[in-house]
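Values in this document were obtained by computation on a predicted structure and should not be read as measured data. Nothing fancy with the numbering, it's 1 onward along the sequence.
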Amino acid sequence: MDATEQVAPTTRPSSRVVQAANVERPDEFVRAVAAVSGTVPLVEGMQGYAGRNDNWRVPTTAGDLFVKRLRGERSQVEARMNRLLAFQEVLGAHPEQAVPTVRFHGADREQSLLVYDCLPDSRTAAELLADGGFDVELAYRLGKILGRVHRLPQTSVDIEEFVGGRAVGAFYALTAEDFANCSGGEVEAWAMLQHDKMLVEALERLGGMSADAPTTATHCDIRLDQFLLSGDDIFVIDWEEFRYSDPARDVGGFVGEFLHHAAARMFSELDVEAGLSPGTAHEAIMAAGEQQLAKVRDHIGRFWDGYREVAEIDERLAVRATGYAGWHFFDRLLAGAVHGAKLSAAERGMAGIGRNALTQPERFASTIGLHRG
């Protein structure tokens with residue numbers, strides 16, 4: 001068996017602290033951060049954090065700051081900057097909604113910089129889940145916080161719709177340029193998607209349901225590492241995808257994180273005896289899956305309890321959220337495939353779990369903890 005076949009998806013996030021990215025034109029960086037924050041940054045003491053952007057803890061004459069430089073194509077960076085600033089505008093206009101966010105000092109558009117307070121001893125909810133420290137009452141609190149996000153009033157902020165990454169057409173065929181830039185794992189993942197007519201139809205159906213759904217303020221990139229815990233306080237971070245959209249996208253992102261965690265645990269701990277008949281092996285896998293789902297179902301249920309106490313729920317939200325939870329598996333699959341020459345057996349198996357939720361959301365909504373009671 002190839003080594004890539006033996007690697008199960010990890011359930012433990014890697015350390016957030018990394019070597020600090022080089023600062024191009026440090027004098028300009030210092031001036032920009034100083035202008036935004038009113039303090040003088042000390043570049044030589046900077047520490048890096050993992051992420052798709054350049055992230056730094058920046059010591060200053062008045063304490064530490066967290067500084068992010070958005071990376072990517074210029075049009076994409078501008079769109080993300082606009083969304084973040086639009087969120088800050090909405091939040092500033094409605095402080096009574098009490099959406100907990102880290103203090104924002106401001107932005108420098110020319111250098112694509114965002115400046116926040118730094119919380120050096122904080123942990124993400126993803127780290128707590130990986131370490132076994134994520135209890136059901138924390139899930140309940142996070143549900144209430146997400147409900148408050150979705151209760152933010154809709155105001156006339158200027159957010160240009162921007163679709164980053166590959167177009168929807170990629171579900172039917174990749175362009176020659178995209179194909180040339182894909183890893184072997186990505187080619188396999190896209191082929192899996194494109195050749196599954198039922199899956200593509202389910203995605204189209206989910207998109208149609210979302211288009212007809214009531215819209216709210218949404219984060220649109222909800223993952224457990226977007227919840228930062230510092231002492232007894234919880235903060236929601238990374239608002240660059242903010243928009244008014246279907247709230248099921250956020251609910252499904254949260255639920256999908258727990259389901260993905262359960263599935264990853266199942267495959268990493270699965271021990272099916274050699275020589276079993278296909279039927280017996282399937283029963284063993286199903287039993288292991290149910291055991292891992294039982295460990296997270298209460299978390300999902302308590303999250304849903306907290307969310308429903310605050311947010312307005314339309315009758316189809318749980319079904320759409322289940323569909324988005326299923327898509328979360330494919331989102332994670334595509335992100336991980338960038339680094340692999342081929343998909344592992346575990347990755348293919350996890351895609352199958354996501355497919356079930358995506359193609360049969362009405363059936364699985366209550367099974368995973370999004371009950372209607």
Side-chain angles (χ1 to χ4, degrees), residues 13-92 101-124 126-127 157-166 181 219-228 230 235-243 335 338-339:
S14 59
S15 172
R16 287 184 290 150
V17 178
V18 297
Q19 182 176 351
N22 291 330
V23 176
E24 302 171 1
R25 302 186 299 276
D27 290 345
E28 294 181 16
F29 177 88
V30 168
R31 286 195 295 270
V33 174
V36 169
S37 67
T39 61
V40 180
L42 307 174
V43 175
E44 61 273 11
M46 290 168 53
Q47 180 182 68
Y49 290 97
R52 63 171 174 169
N53 304 292
D54 292 337
N55 303 304
W56 301 282
R57 179 187 62 82
V58 181
T60 77
T61 53
D64 292 349
L65 295 173
F66 178 83
V67 179
K68 175 189 294 188
R69 171 175 281 136
L70 302 179
R71 307 293 282 183
E73 296 180 5
R74 190 63 199 174
S75 58
Q76 184 177 5
V77 167
E78 289 177 354
R80 291 168 62 210
M81 175 73 77
N82 288 341
R83 292 189 184 284
L84 179 279
L85 294 177
F87 168 73
Q88 294 296 335
E89 180 182 338
V90 173
L91 191 65
T101 61
V102 179
R103 181 189 174 197
F104 179 61
H105 290 268
D108 183 291
R109 282 185 175 274
E110 183 177 343
Q111 296 200 48
S112 305
L113 295 177
L114 306 171
V115 182
Y116 298 87
D117 276 356
C118 184
L119 303 174
D121 297 324
S122 61
R123 302 192 72 196
T124 69
E127 291 171 323
V157 293
D158 183 17
I159 305 177
E160 180 182 357
E161 186 64 28
F162 178 85
V163 180
R166 296 187 175 96
N181 291 327
H219 185 284
C220 277
D221 193 23
I222 283 292
R223 305 186 307 272
L224 291 181
D225 58 7
Q226 307 289 32
F227 294 96
L228 204 59
S230 179
F235 304 92
V236 188
I237 62 173
D238 293 352
W239 291 90
E240 294 96 303
E241 300 301 330
F242 169 76
R243 69 197 73 188
V338 172
H339 308 291

Do Thr101 and Tyr116 have side chains that approach each other closer than 4.5 Å (heavy atoms only, starting at C-beta)? no
Could you walk me through whether Phe104 and Val36 pass the side chain to side chain contact (heavy atoms under 4.5 Å, CB included) test, one step at a time? CA-CA 10 Å; Phe104 179 61; Val36 169; over 6 Å; no
For a 4.5 angstrom cut-off between non-hydrogen side-chain atoms, does Leu114 reach Met81? yes
Who are the salt bridge (Lys or Arg N to Asp or Glu O under 4.0 Å) partners of Arg223, not counting sequence neighbours? Asp221, Asp225
Any pair counted as salt bridge (Lys or Arg N to Asp or Glu O under 4.0 Å), so long as it reaches residues 26-47, sequence neighbours left out: Arg25-Glu28
Taking atom OG of Ser37 and atom CG of Asp117, what is their separation to the nearest 0.5 Å? 10.0 Å
From Leu91 atom CG to Trp239 atom CH2, the distance as rounded to the nearest 0.5 Å: 8.0 Å
Side chain to side chain donor-acceptor pair (under 3.5 Å) partners for Gln111, two or more places apart: Arg69
Partners meeting side chain to side chain donor-acceptor pair (under 3.5 Å) with Arg109 (sequence neighbours left out): Asn82
Rounded to the nearest 0.5 Å, what's the gap from CG on Leu228 to CG on Asp238? Could you check? 9.0 Å
Contact summary for Pro59 and Gly45, nearest pair of heavy atoms: CG-O, 3.3 Å
Rounded to the nearest 0.5 Å, how far apart are CG of Leu42 and CG of Asp64? 9.0 Å
Is a donor on one side and an acceptor on the other found under 3.5 Å between the side chain of Arg83 and the backbone of Glu241? no
Apply ring pair (Phe, Tyr, Trp, His ring centres under 6.0 Å) to Phe235 and list each qualifying residue two or more places apart in sequence or on a separate chain. none
Interatomic distance, CZ@Arg57 vs CZ@Phe66, rounded to 0.5 Å, equals 11.5 Å
Approximate separation, where rounding is to 0.5 Å, of Phe242 CZ and Phe87 CZ: 7.0 Å
Contacts of type side chain to side chain contact (heavy atoms under 4.5 Å, CB included), residue Asn53, not counting sequence neighbours: Asn55, Lys68, Leu70, Arg71, Arg80, Glu240
Does some side-chain heavy atom of Phe29 sit less than 4.5 Å from a side-chain heavy atom of Val58? yes
My understanding is that only residues two or more places apart in sequence, or in another chain, count here; which of them pass side chain to side chain contact (heavy atoms under 4.5 Å, CB included) with Glu78? Arg74
